Amino acid sequence: MIHLLLVDDQIIIRHGLKSLLESKPDLQVVGEAENGQQALDVIESLQETSLQPDVVLLDVRMPVMDGVAATEQICQRFPRPQVLILTTFDNDEYVSQAMRFGAKGYLLKDTPLEDLAIAIRAVHQGYTHLGPGLFEKALVHQSTSHCLHSTIPPELGNLSPREREVLRLIACGANNREIAQGLYISERTVKNHVTSILNRLNLRDRTQAALFASSFLGLLDNR
């Protein structure tokens, strides 16, 4: 059973989501909150119980504490819950910030129930899940916001030449098989490089690596 916490300032949205999600036998709503601060309080209160939330569904625009700020706090303070942003806003900055702060997924509220359930299960298992077109929005925003960078950042300087090649291909959207074929190495070696890159850059997952590296594609190409 996957335990869910619903966070939205509109009670009708929360109740509607609860009814829909609990029609799935493996999903259970264990708490609700109307803003980010309440979400933190609910998670804290359930820490020592059997109803700890596994996935937090967060809206972006809420009073007191919005979804982006709540994402940062949740990911810093609580190791268990994965954050899935579920909102009406596909703003480039929201997508980029939420993923940078540790959200595992970002979907729009008009996502069909079956797709939403798939996304919840995916982020619960630690995978990243973005709605159609949202990954591209995050990349565009990240590249635009850092367009003035002219020197390689220290974090990238810690990577080996091969790791920089792998990171460049990740930023371009290549999967492990495509990277292996492009660099004439095995997929297992690619996986090892990806793990090393995440550790060296202190990133959570491949999506964060892609967002980070997209800002410096030109510099990576010139190294």
Side-chain angles (χ1 to χ4, degrees), residues 1-89 94-109 111-131 134 138 195 198-199 202-209 211:
M1 182 70 69
I2 302 175
H3 293 159
L4 307 175
L5 172 61
L6 305 182
V7 188
D8 194 296
D9 61 333
Q10 298 185 52
I11 188 171
I12 191 170
I13 297 294
R14 298 199 308 271
H15 286 182
L17 276 173
K18 181 177 181 179
S19 297
L20 288 172
L21 293 171
E22 289 194 332
S23 68
K24 300 297 181 182
D26 60 332
L27 304 180
Q28 179 186 4
V29 175
V30 297
E32 299 180 31
E34 63 182 30
N35 58 62
Q37 184 58 59
Q38 280 191 10
L40 295 172
D41 294 341
V42 172
I43 297 172
E44 183 70 45
S45 70
L46 295 175
Q47 280 301 286
E48 304 302 325
T49 74
S50 61
L51 297 178
Q52 295 181 58
D54 300 303
V55 178
V56 180
L57 276 69
L58 275 173
D59 191 14
V60 168
R61 290 188 180 177
M62 298 180 293
V64 184
M65 180 186 291
D66 66 25
V68 174
T71 295
E72 183 177 21
Q73 290 294 314
I74 292 170
C75 294
Q76 286 180 353
R77 293 173 52 183
F78 305 105
R80 178 167 176 169
Q82 305 288 1
V83 173
L84 173 59
I85 301 293
L86 184 63
T87 184
T88 55
F89 302 98
Y94 290 152
V95 180
S96 180
Q97 285 188 333
M99 301 306 291
R100 179 160 49 86
F101 287 148
K104 285 292 185 180
Y106 198 113
L107 295 174
L108 298 182
K109 287 181 180 176
T111 299
L113 174 60
E114 291 301 325
D115 292 343
L116 176 57
I118 289 171
I120 290 171
R121 296 177 188 122
V123 300
H124 174 54
Q125 295 176 5
Y127 296 105
T128 300
H129 194 104
L130 291 172
L134 293 177
T195 299
L198 296 180
N199 289 336
N202 194 29
L203 299 172
R204 292 181 180 84
D205 53 40
R206 187 186 195 96
T207 299
Q208 284 198 344
L211 294 174

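Owing to the predicted nature of the structure, the values given are computational and were not obtained by experimental measurement. The first residue in the sequence is number 1, and the count goes up from there.
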Where do L46 and L51 come nearest, in terms of heavy atoms and distance?
-> CD1-O, 3.5 Å
Please set out all donor-acceptor pairs under 3.5 angstrom arising from side-chain atoms of residues 19-26, sequence neighbours excluded.
residue	atom	partner	partner atom	Å
S19	OG	H15	O	3.2
E22	OE2	V29	N	2.9
S23	OG	L20	O	2.5
K24	NZ	E114	OE1	3.2
K24	NZ	E114	OE2	2.3
D26	OD1	R121	NH2	3.2
D26	OD2	R121	NE	2.7

Nearest 0.5 Å, what's the CG-CG distance between L84 and L116?
-> 6.5 Å
Look at the side chain of Q28 and the backbone N and O of H3, then say whether any donor-acceptor pair between them is shorter than 3.5 Å.
-> no
Name all residues meeting the side chain to side chain contact (heavy atoms under 4.5 Å, CB included) criterion together with H124; count only those two or more places apart in sequence or in a different chain, and write none if there are none.
-> I2, D54, V55
Output all residues satisfying side chain to side chain contact (heavy atoms under 4.5 Å, CB included) with A103, sequence neighbours left out; order by chain, then residue number.
-> T71, V83, I85, A98, M99
Supply the atom-to-atom distance D8 CG to T87 OG1, rounded to the nearest 0.5 angstrom.
-> 8.0 Å
Between CD of E72 and CZ of R100, what distance do you get to the nearest 0.5 Å?
-> 8.5 Å
Stepwise side chain to side chain contact (heavy atoms under 4.5 Å, CB included) test for I120 and L57 = CA-CA 9 Å; I120 290 171; L57 276 69; 4.3 Å; yes
Got more than 12 heavy atoms from elsewhere within 6.0 Å of OH, Y127?
-> no
Intermediate values then yes/no, side chain to side chain contact (heavy atoms under 4.5 Å, CB included), E44 and F78 | CA-CA 8 Å; E44 183 70 45; F78 305 105; 3.5 Å; yes
Are the side chain of Q47 and the backbone N or O of I43 linked by a donor-acceptor pair below 3.5 Å?
-> yes
Minimum heavy-atom distance A39-L5, with the two atoms named = O-CD2, 3.9 Å
Count the heavy atoms of every other residue, nucleotide or ligand shown that sit under 6.0 Å from CD of E48, and state whether that count exceeds 12.
-> no
State which residues pass side chain to side chain contact (heavy atoms under 4.5 Å, CB included) with R206; sequence neighbours excluded, sorted by chain then number.
-> I170, N176, I179, V194
So how far is it from D59 CG to L86 CG, rounded to the nearest 0.5 Å?
-> 7.5 Å
CG (L40) and CG (N35) are apart, to the nearest 0.5 Å, by 9.0 Å
Kindly check if the number of other-residue, nucleotide or ligand heavy atoms within 6.0 Å of CG (N202) is above 12?
-> no
Shortest non-hydrogen separation from A70 to G36 and the atoms involved = CB-CA, 3.7 Å
Spatial distance of atom CZ (R61) from atom CD (Q10) [nearest 0.5 Å] | 12.5 Å
Nearest heavy-atom approach of L58 to G67 is CD1-O, 3.7 Å
With sequence neighbours excluded, what pairs up with D9 under the side-chain hydrogen bond (donor to acceptor under 3.5 Å, both in side chains) test?
-> none
For D205, side-chain hydrogen bond (donor to acceptor under 3.5 Å, both in side chains) partners two or more places apart = K104, T128
